[in-house]
Amino acid sequence: MSYQGFISRLSKEEQDFYDIKNAAAEFYKVQRIPQEMERALNELFLHKPEDVHGYLANYFANLSAPPRISRLQGREVYDAGGQLSIETEVFCIVCNKEKSMSSAAISSHLGPKETSLDWKATIQETAEHVMTAVQWINEPLSNMLKIQNPCDQSGVDRILSNFFMACYLKEKDIRNKEESRSPSEPEVVLPSPTHVQSKDQKCGDKGKKNNTAEKPLPSAEPPEQVLPGSLAIGSVSLAVAKTGAQVQGIPLYKYIAALKNTKAPAQFHIPVPLVTLLSCGKNSPGKLSLLEEVILIPKAGQRVKQIITMTLELQKEMMKIINTSTKTGATKAILCDNGAPAVSYERPEQPLDLIIEACTNLGLSLGEEIHLAVNCAAPELMDYSKGKYEVAAGALKSPDELVDMYQTLISKYPVVVALIDPFRREDKHQWEKLSNGIGDSCSLLSDITYKSKAQPLPGVRGHVLKYINETTVSDLIHITSQHHASVLLGTTCREPCSDCSLSDIAVGLGLDYVKLGGLSSAERITKYNRLSSIEEELAQQGILVSKEKHLAPLFTEKPPEQSTTAESTLSVCF
C-alpha cells in the first residue's frame, strides 16, 4: 500500500498524531538526540554512579548552550562608611532558566574634593550619582549586555567604555552650551573645600618668618569632573568578571590571570600585604595632619596569617604604650575609615617613635623584618590663602620648607622607604628636589586617580590608582600588563562590606604588593581572610611560589624618561 493510501485510511486524529511523530523523529535526528542518549546510557552503565539521575543531569548540562547574560540589576547599598554606593547583580540564562550568577559592589567616589565641609551637599550629590548609576544598570546597560557572553570580558568592557564615553561627550556638550549662553565673567580660582582653613589655624605659622622672596605658588590644576553614574561601569565590569569565573568553574584570581596571560599560569605568588598601622591625618583627633597613614611593609616570604598576627601584636603593644605612658604625647585614639586607629599627635616624629618603641619591645627588627611607608596626603593640606601646607594645626610650611622637613624625617628614620603624595601635583620642582635629595633610600609615589592621563611627575617611581567609577577590569589588566613589576593594588577608604574581590584581582594580576588597609574593620578583615584563603588553596595545589626578592625601598627601578603618560610608570590602587 502506498503512503498516500495508508494516510487516507487513517482518521483525522490519527493523521495528526502520525505527523507529530514524524516531525519529532526528524527533530531528534537533526539534534542528534538518539546518539547522545545512547552515549549517555553507555557512560552511565560504565560508571554505575550512585546518583543515576544526577549523573545524567550533569552529562547533559555539559552539552547545554553556554550561559548568556539575560539582564542586570542595580541596587543601592551602603559602604563601610555608611555612604550610598552601588551593587550590580548579573543574571544569565542557564539550561533554559534565568539564574542569578554574581554581584559586585564598588566604592562611591565623587572626586578629590568630596570632603566638603557641607556634608549635606556631599550626601545629596552622592545620592544623585548612585541613583543615576542604578538607572544606567537597569535600563541601557542591561539592554546592551543582553545575550552577551559573560566570559567575553574584553567585549563587555568595550561596550561599557563606549557607553560611558557617549554619556561623557553628551554631558560635555550640554555644559559647553550652558557656558556659551551664560554671560562672560572673569575666571575666579577658588580654594577647594578640602583646602579651607582647618583645625586651629588661627594660631598662625609657628615657624620663623623667611624674609627671602618665595616663588609664587603654582595655581591648582582644575579637577577632572566625575560623571554622575560612572561607578556603574566599574561595578558591572567586576560583576561580569565574577560571573565569567563562575561559568568556567574557577576562582576569580585564576580567571583574571587567564585574561591577562591568555591562559592561567602554572604558578602563583601572593602579593605582600601592606597594612595601615596608624592614621595621624587631617581628620585625626590631634594637631598633626601630615601623616594620613603610616603603613607597615613586612618582610617578603611570610604567610598572610603570620603578617596579620605580627601586626595585631604590634598594634596591641602600641596601644599599651599610649595608655600607660605620657611621654608619647598621645592623648586618645579613634578608629579611622581605613581600619586603623587615628591617634592624637602634634609632630610627625611622635607616631614613628611610637612604632619604633613597640617594635623594640616585641623584638621586631626594623629595617629587616619591617619597613614603613607614609601616605602624606599633602594636597589636602594646602592653605591657598597663605600658599603653604598646614602640616599641623597652626604649623605652616612652604613647599621648599616641606622638602627640608621630609629629608630630615627620612634621614632620622631610614625605616621609612616610601612617601605617598608628599606634595601637590603642581609643585613639580619640589618633587624633583626631594627625589634628588633622598636618592634611592626612599621612593616617591603619586595618586593619579583623577589625573590618569597627566604627565608623570619628576622623581616619582609609582602612582596611586583607585579601582573606582568607570575603571574596568580590562583597564587594570592593560596597565599591569605593561608594568607588571611595579604595580601595587589596594582599597579605597570606604569599601563595600561584603566584596573581597580585590584580593583575587591582586593575585590574578600577579602583583608584588597589595594594600588592604588596617585590621580594625570587618570589610578589610574580609579581604585579608580571602587573601589567606587563596594562599592556602595554592599551597594545597602545589602551585604557590614565594617571591623573596622584595627589597627596600619600594620600586627601586626608575621610570623611563621617554614616558609620556602617568600610566607608563607605576599604578597603585588604594
Side-chain angles (χ1 to χ4, degrees), residues 65-80 82-109 126-161 163-164 167 228-253 255-256 259 467-474 476 492 494-505 508 522-523 526-527 530:
R68 288 291 186 268
I69 296 174
S70 58
R71 63 185 173 96
L72 307 176
Q73 182 175 332
R75 63 175 66 91
E76 297 178 356
V77 295
Y78 290 95
D79 62 23
Q83 300 294 319
L84 277 177
S85 189
I86 189 73
E87 182 181 54
T88 299
E89 187 173 8
V90 177
F91 291 83
C92 288
I93 298 297
V94 182
C95 296
N96 295 316
K97 290 185 179 180
E98 186 177 70
K99 178 181 179 182
S100 173
M101 299 297 292
S102 64
S103 62
I106 66 171
S107 300
S108 172
H109 285 261
T126 301
E128 292 174 357
H129 277 245
V130 171
M131 182 177 63
T132 302
V134 171
Q135 293 174 349
W136 282 10
I137 295 170
N138 292 339
E139 295 175 8
L141 292 180
S142 183
N143 293 332
M144 289 178 180
L145 295 185
K146 190 173 183 179
I147 75 169
Q148 289 292 319
N149 181 359
C151 296
D152 181 13
Q153 188 69 37
S154 61
V156 168
D157 285 343
R158 193 179 305 112
I159 293 173
L160 295 174
S161 297
F163 171 80
F164 173 80
C167 293
S230 57
L231 69 162
I233 304 300
S235 177
V236 171
S237 178
L238 179 56
V240 170
K242 294 172 70 174
T243 299
Q246 185 175 347
V247 167
Q248 295 189 6
I250 58 176
L252 180 59
Y253 68 88
Y255 181 75
I256 290 179
L259 289 176
Y467 180 34
I468 59 173
N469 297 337
E470 69 272 14
T471 306
T472 65
V473 171
S474 295
L476 294 177
T492 58
R494 296 197 306 265
E495 283 292 307
C497 293
S498 59
D499 205 311
C500 58
S501 303
L502 209 63
S503 298
D504 283 78
I505 294 173
E523 70 277 4
T526 298
K527 294 174 177 59
R530 176 55 185 160

Query raised in the report: Does the pair Gln73 and Arg75 meet the rule for a side-chain contact (heavy atoms from CB on, under 4.5 Å), with working shown?
Result: CA-CA 7 Å; Gln73 182 175 332; Arg75 63 175 66 91; 3.3 Å; yes

**Report entry** Inter-residue atom distance Ile93.CD1 - Ile147.CD1, 0.5 Å rounding
**Finding:** 11.5 Å

Query - Side chain to side chain, Ser501 and Leu252, heavy atoms closer than 4.5 Å - result: yes

Requested in this report: With sequence neighbours left out, write down each residue that passes side chain to side chain contact (heavy atoms under 4.5 Å, CB included) with Ser100, or none if nothing qualifies.
Outcome: Glu89, Phe91

Query - Shortest non-hydrogen contact from Val77 toward Ala105 - result: CG2-CB, 4.4 Å

Report task. Let me see the working for Arg68 and Cys92 under side-chain contact (heavy atoms from CB on, under 4.5 Å), right down to the final yes or no. Result -> CA-CA 5 Å; Arg68 288 291 186 268; Cys92 288; over 6 Å; no

Query raised in the report: Which residues satisfy the side chain to side chain donor-acceptor pair (under 3.5 Å) test with Glu98, sequence neighbours excluded?
Result: Ser70, Arg71

Requested in this report: Indicate the atoms forming the closest heavy-atom contact of Cys151 with Val247, along with that distance.
Outcome: SG-CG1, 3.8 Å

Query - For Thr88, all residues meeting side chain to side chain donor-acceptor pair (under 3.5 Å), sequence neighbours excluded - result: Ser235

Requested in this report: With rounding to the nearest 0.5 Å, note down the distance linking OH in Tyr253 to CD1 in Ile505.
Outcome: 14.5 Å

Requested in this report: Please name all residues satisfying side chain to side chain contact (heavy atoms under 4.5 Å, CB included) with Asp157, sequence neighbours left out, ordered by chain then number.
Outcome: Gln153, Leu160, Ser237, Thr472, Val473, Ser474

**Report entry** Pairwise distance CD1(Ile106) to CD1(Ile233) - rounded to 0.5 angstrom
**Finding:** 9.5 Å

Query - Partner residues of Tyr255 under the ring pair (Phe, Tyr, Trp, His ring centres under 6.0 Å) criterion, sequence neighbours left out - result: none

**Report entry** Partner residues of Phe164 under the ring pair (Phe, Tyr, Trp, His ring centres under 6.0 Å) criterion, sequence neighbours left out
**Finding:** none

Requested in this report: Take Arg530 and Asp504 through the test side-chain contact (heavy atoms from CB on, under 4.5 Å) and record every step on the way to the result.
Outcome: CA-CA 8 Å; Arg530 176 55 185 160; Asp504 283 78; 2.8 Å; yes

Query raised in the report: Would you say the side-chain atoms of Ser142 pair up with the backbone N or O of Glu139, donor to acceptor, closer than 3.5 Å?
Result: no

Query raised in the report: Is there a side-chain contact between Ile86 and Val134, using heavy atoms and a 4.5 Å cut-off?
Result: yes

**Report entry** Spacing of CD1 belonging to Ile159 relative to CG belonging to Asp152, to within rounding of 0.5 Å
**Finding:** 8.0 Å

Query - Straight-line distance of Lys99 NZ to Lys97 NZ, nearest 0.5 Å - result: 11.0 Å

Requested in this report: Applying side-chain contact (heavy atoms from CB on, under 4.5 Å), run through Tyr78 and Gln83 and close with a yes or a no.
Outcome: CA-CA 5 Å; Tyr78 290 95; Gln83 300 294 319; over 6 Å; no

Query raised in the report: Is there a side-chain contact between Ile468 and Leu231, using heavy atoms and a 4.5 Å cut-off?
Result: no

Query raised in the report: What pair of heavy atoms forms the shortest contact from Asn138 to Leu72, and how long is it?
Result: OD1-O, 3.8 Å

Query raised in the report: Ignoring hydrogens and geometry, is there a side-chain-to-backbone donor-acceptor pair from Lys242 to Ser103 under 3.5 Å?
Result: yes

Report task. Compare all side-chain heavy atoms of Pro228 with those of Glu128 and state whether any distance is below 4.5 angstrom. Result -> no

Query raised in the report: Do Val94 and Met101 come close enough that some side-chain heavy atom pair is under 4.5 Å?
Result: yes

Query raised in the report: Do you know the tightest heavy-atom contact between Ala239 and Val90?
Result: CB-CG2, 3.6 Å

Requested in this report: Using atom types as modelled and distance alone, determine if a side-chain donor or acceptor of Ser102 lies under 3.5 Å from a backbone N or O of Thr243.
Outcome: yes

Query raised in the report: Would you find more than 12 non-hydrogen atoms of other residues, nucleotides or ligands less than 6.0 Å from Asn143 atom CG?
Result: yes

Query raised in the report: Do the non-hydrogen side-chain atoms of Val236 and Trp136 ever get within less than 4.5 Å of each other?
Result: no

Query - Interatomic spacing from CD in Gln135 to CG in Leu141 - rounded to 0.5 Å - result: 11.5 Å

